[in-house]
Every structure is written in structure tokens, then in C-alpha cells.
Amino acid sequence: MVEVKGGKEFIEKVEYGKDLLGFIEDLVKKRRVKAGILTAIGAVQEAKIKYYDQKGKRYRSLRIDEPMELLSCVGNVSTFEGDTIIHCHVVLGDKNGRAYGGHLDYGTRVFSCEMYLREFEGVGLKRKYDQITGLNLLDI
Ligand code: ZN
């Protein structure tokens with residue numbers, strides 16, 4: 001466990017056509033956020049999400065080629081070997097109210113989106129490779 005202190009907070013409007021994950025990466029770079037948390041809601045024109053296969057220890061991709069509601073996007077900002085890492089999960093809803101979910105991947109194109117980002121002040125959130133899961137988990 002690590003105690004964090006909330007720092008700067010931002011509300012962002014993500015423009016039509018932006019790649020959602022790419023936008024978040026640019027945003028945290030621009031705002032110099034090395035550790036933090038974010039949420040977003042809106043809609044996407046198409047999506048690409050990933051599912052982590054726990055047995056195979058690898059990600060499987062799922063492409064969704066239709067407009068979806070961005071019902072929930074929740075994630076955090078951390079670092080791994082000096083690189084900033086965005087770890088984001090999304091829940092998407094189709095026209096019949098069915099939900100899809102997974103890790104946010106590149107290729108998710110925004111229709112409209114409103115985002116909240118909060119920085120954690122004075123604390124680094126570093127990741128470290130974990131042999132059991134095969135994931136780069138928080139080193140806390
Ligand atoms: Zn995850």
C-alpha cells in the first residue's frame with residue numbers, strides 16, 4: 001500500500017476523431033502527470049479492446065466496428081522503467097444495451113468524450129514485472 005495525496009485536477013474534452021488512448025498519453029505528457037487516476041464517459045465511433053488471457057499470459061484483441069457508448073473508462077497513470085504507462089479499462093454499450101469490456105487499446109476512435117484526470121502529488125507509482133501473472137504490476 002502507498003498513501004497518495006491528490007494534486008492538480010483537470011477536466012478535458014476529447015475531440016471528435018481522436019484516438020482515446022493516444023489522447024490520454026499526450027494529455028499526461030502535456031500536464032506532466034507521472035502518477036494519477038482518470039475517468040471518462042462519452043461515445044466512440046469504433047473500438048479496440050484487449051483481454052488478458054491468464055493461462056496464456058498474453059493479450060487477445062477484440063475489434064468493435066460500430067458506434068458504442070463509452071459507459072465507463074477508468075484508469076491510472078504510472079511508470080515502468082521510466083516510461084509512462086496508461087492502464088485503462090473500458091465498458092462499452094451497443095445499441096441494444098449490451099456491454100463489452102476490456103483494456104483500452106489504440107484504435108478506439110472518439111465520437112465525444114469528457115474526461116477527469118487527477119494527479120497524485122509527490123509520489124511515484126512504479127511498475128515491476130510479476131512472474132506469477134506475467135504482468136507489470138504496481139511495485140507497492
Ligand atoms: Zn488491466
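Just so you know, ligand 1 is whichever comes first in the structure, and atom 1 is the first atom listed for that ligand. For the numbers below, each heavy atom of this structure counts, side chains included, while hydrogens, waters and symmetry mates do not.
Here Tyr16 and Phe111 bring their ring centres to under 6.0 angstrom of each other.
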message: Run Cys113 and Ile41 through side chain to side chain contact (heavy atoms under 4.5 Å, CB included) and show every step you take.
response: CA-CA 6 Å; Cys113 181; Ile41 53 173; over 6 Å; no

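Among Val2, Val4, Val123, the one residue that satisfies the side chain to side chain contact (heavy atoms under 4.5 Å, CB included) test with Ile140 is Val2.
Nearby protein atoms of type N, O or S around the Zn ion (ligand 1) amount to 3 (distance under 2.8 Å).
Ring pair His87/His103 is parallel by interplanar angle, where below 30° counts as parallel and above 60° as perpendicular.
Under the 3.5 Å distance criterion, the side-chain polar atoms of Arg127 are matched with a main-chain donor or acceptor of Asn136. In this structure a side-chain-to-backbone donor-acceptor pair under 3.5 Å is present from Lys57 to Gln131.
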